[in-house]
Number of protein chains: 2
Amino acid sequence: MTPIHSFKSAAAEKRSHQSYFKIGLSVDCVIFGYADKELQVLVIKSDLKEFAGQWSLLGDLVRPEEDIDEASYRVLEERTGLKNVFLEQAQAFGECDRHPSGRVVTIAYYSLIDINNHKLQFNENELSWKPVRTLKKMAFDHRKILDTCLQRLREQVFEKPLLFNLLPVKFALRDLQELYESVLGEPLDRRNFRKKIAVKEWLRDTGELERSVVHRPGRLYAKSQSGKR
Amino acid sequence: MTPIHSFKSAAAEKRSHQSYFKIGLSVDCVIFGYADKELQVLVIKSDLKEFAGQWSLLGDLVRPEEDIDEASYRVLEERTGLKNVFLEQAQAFGECDRHPSGRVVTIAYYSLIDINNHKLQFNENELSWKPVRTLKKMAFDHRKILDTCLQRLREQVFEKPLLFNLLPVKFALRDLQELYESVLGEPLDRRNFRKKIAVKEWLRDTGELERSVVHRPGRLYAKSQSGKR
DNA sequence: CTGAAAATATGTACTTATTACACATTAGGA
DNA sequence: TCCTAATGTGTAATAAGTACATATTTTCAG
């Protein structure tokens with residue numbers, strides 16, 4: 001057994017650096033958006049020949065001088081220009097053969113951003129939004145990572161006001177309900193949904209109404225101040 | 001930005017190995033037990049001078065040829081001799097300065113075992129069980145890791161039949177309730193607790209009664225077959 | 001043998017949360 | 001002015017969670 005928490009002898013240390021420090025460490029970000037009434041995820045074309053034509057999540061190796069949380073924020077900011085957005089660690093994925101070019105353990109994060117309230121920074125490698133539904137196969141184990149993050153998100157949506165991050169500042173309750181339905185993958189009863197949201201005090205009535213709808217307009221709401229990320 | 005998922009040029013690859021592959025990767029196991037009506041955790045004396053006299057969790061560097069899950073099982077088995085027990089990943093911890101000897105990112109796992117149903121394998125470094133309550137300060141960020149795992153455990157105890165792993169095969173309902181109270185850190189109403197457990201069908205009545213108690217003996221139960229880990 | 005001690009086993013009323021479900025109202029457009 | 005398509009709203013029924021008290025069973029002491 002290698003005493004991880006000791007590093008005592010020089011020999012042990014050398015051995016560590018020779019064999020144990022050859023594991024690469026990366027972060028991968030599952031960046032969710034919402035458009036066309038569907039949950040979307042930000043992906044990039046893989047440039048590994050093994051995965052030619054397949055989509056992969058946004059990720060990067062963790063730098064020696066940055067925390068893993070910093071690394072994930074960096075990846076997010078480099079691609080979206082956004083800072084100070086919700087970003088949370090989901091899980092580490094560390095199967096030996098998950099990366100064809102070598103041993104890379106990755107730590108998955110997920111984030112929620114408003115697609116229309118930012119511009120993608122680099123359009124290299126066909127960086128783009130894809131509906132989660134349509135991504136059958138992805139590079140690496142990224143479909144599995146996406147599923148894990150989506151599941152985590154589903155567990156959280158009624159606990160924390162996360163989904164507001166996917167919407168513009170003002171939105172109708174119908175928009176919010178459709179978003180919840182997209183994320184949860186099931187229809188919700190309108191009255192029960194409104195009641196459930198109402199008791200949480202996540203919403204602030206802006207006093208405004210929808211415009212340009214061909215029916216009775218709904219009230220527009222915004223995330224209330226008390227509703228934290 | 002380093003293209004983590006490409007490794008295209010030789011120069012980039014060299015740079016990767018020079019700077020990015022210098023992050024150590026470990027697993028740390030929070031191994032819970034139950035004794036003296038208290039939740040216990042398996043710890044070892046740190047042999048780092050920075051943490052002289054402090055307790056640390058059981059961990060080890062991940063080997064290049066093993067999955068991270070395998071690594072955590074290995075740590076658990078090396079110390080307890082146990083295989084095929086519940087062990088689940090909680091979270092990765094990757095602050096730059098969490099390890100005084102260098103950059104080591106660790107992935108935390110937690111496990112639940114029956115203290116009396118195994119023998120500790122190595123008694124080096126004062127490997128021992130300590131009540132969670134009494135561990136104020138620990139080596140590294142291990143107290144934080146412990147807290148995270150404990151919180152995760154608390155969220156799960158009424159969802160999955162986890163705590164049975166901490167008890168002997170046969171136990172009275174009072175034992176089970178006391179265990180739940182230890183883990184949750186709060187008293188529970190006896191009648192409501194029994195009702196809550198009953199509907200889950202995690203228990204099988206063995207037909208036996210407690211012995212050598214100085215009062216009316218309680219029925220002994222065992223984990224039912226349907227109740228998975 | 002009896003009584004005291006200490007725990008087990010159990011049910012009900014109250015409150016809160018979840019579900020199912022229908023109709024009057026409003027604005028736009030023809 | 002009427003039609004369309006949506007908004008906005010309440011109640012009854014069920015399920016889940018909480019608070020709470022008494023009779024029963026065993027051991028032990030006298």
Side-chain angles (χ1 to χ4, degrees), chain A residues 36-37 154-161 163-164 167-224 227, chain B residues 36-37 154-161 163-164 167-168 170-222 224 227:
Chain A
D36 305 326
K37 310 211 167 184
R154 285 174 174 166
E155 291 163 4
Q156 301 262 304
V157 289
F158 284 117
E159 308 301 319
K160 299 177 188 171
L163 296 189
F164 300 94
L167 292 174
V169 175
K170 297 175 184 176
F171 50 85
L173 278 181
R174 163 142 290 257
D175 299 327
L176 186 64
Q177 183 178 339
E178 283 172 344
L179 170 54
Y180 268 86
E181 288 172 337
S182 293
V183 170
L184 296 173
E186 63 185 18
L188 300 172
D189 177 86
R190 185 148 49 106
R191 277 171 291 188
N192 294 339
F193 173 75
R194 290 160 101 99
K195 203 191 307 175
K196 196 162 184 172
I197 295 294
V199 298
K200 299 199 190 294
E201 302 187 334
W202 289 344
L203 292 179
R204 182 172 56 80
D205 189 339
T206 64
E208 296 173 59
L209 295 178
E210 284 183 295
R211 287 159 183 279
S212 317
V213 287
V214 64
H215 54 75
R216 176 178 175 180
R219 284 200 184 122
L220 291 177
Y221 291 86
K223 194 167 93 172
S224 79
Chain B
D36 305 326
K37 311 213 165 183
R154 284 175 175 165
E155 291 163 4
Q156 301 262 305
V157 289
F158 284 117
E159 308 301 319
K160 300 178 188 171
L163 296 189
F164 300 94
L167 292 173
K170 296 174 184 175
F171 50 86
L173 278 181
R174 163 143 289 258
D175 299 326
L176 186 64
Q177 183 178 340
E178 283 171 345
L179 171 53
Y180 268 86
E181 289 171 336
S182 294
V183 170
L184 296 173
E186 62 184 19
L188 300 171
D189 177 86
R190 186 147 50 105
R191 279 170 289 189
N192 294 338
F193 174 75
R194 291 160 102 99
K195 205 191 305 176
K196 196 163 184 172
I197 295 295
V199 299
K200 299 199 191 292
E201 301 187 335
W202 289 343
L203 292 180
R204 184 172 55 82
D205 188 340
T206 64
E208 296 172 59
L209 295 178
E210 283 183 295
R211 289 159 181 279
S212 316
V213 286
V214 65
H215 53 75
R216 175 177 176 180
R219 283 200 184 122
L220 291 178
Y221 292 85
S224 78

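Labels below follow one simple rule: chain letters A, B, ... track the order of the sequence lines, proteins then strands, and each chain is numbered from 1.
Here the CZ-CZ distance, from A/Arg194 to A/Arg174, works out to 8.5 Å after rounding to the nearest 0.5 Å. The structure places CG of B/Leu163 at 8.0 Å from CH2 of B/Trp202, a figure rounded to the nearest 0.5 Å. Distance CG/A/Leu173 to CD1/A/Ile197: 8.5 Å, rounded to 0.5 Å. Atom CG of residue B/Leu167 and atom CG of residue B/Asp175 lie 6.5 Å apart, to the nearest 0.5 angstrom. Here OH of B/Tyr180 is found 11.0 Å from CD of B/Gln177. Values are rounded to the nearest 0.5 Å.
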Report, one pair per line, the protein and nucleotides 4-8 of chain C atoms (nitrogen or oxygen only) whose separation is under 3.5 Å.
residue, atom, partner, partner atom, Å
C/dT8, OP1, B/Arg174, NE, 3.0
C/dT8, OP2, B/Arg174, NE, 3.0
C/dT8, O2, B/Arg216, NH1, 2.7

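One interatomic measurement links the two molecules: NZ of B/Lys200 to C1' of D/dG17, which rounds to 12 Å at whole-angstrom precision. A straight line from CZ of A/Arg211 to C1' of C/dT26 spans 16 Å, rounded to a whole angstrom. At whole-Å resolution of the value, CG in A/Leu220 and C1' in D/dG8 are 15 Å apart.
The side-chain heavy atoms of B/Glu181 and B/Lys37, taken from C-beta on, include no pair separated by under 4.5 Å.
The number of heavy-atom neighbours closer than 6.0 Å to CG of A/Asp205, taken from other residues, nucleotides and ligands shown, is above 12.
B/Thr206 places no side-chain N or O within donor-acceptor distance of the main-chain N or O of B/Ala222, the cut-off being under 3.5 Å. B/Lys200 places a side-chain N or O within 3.5 Å of a backbone atom of B/Phe158 that can act as its donor or acceptor partner.
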Quiz item: Could you run down nucleotides 11-20 of chain C 5' to 3' and tag each one B, S or - for protein heavy-atom contact under 4.0 Å?
Solution: BB------BB
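In plain terms, the two heavy atoms of A/Ala172 and A/Leu220 that are nearest each other are N-CD2, 3.8 Å.
With the end axes of the helix from C/dC1-D/dG30 to C/dA30-D/dT1 each set by five pairs, the angle from one to the other reads 10° at 10° resolution.
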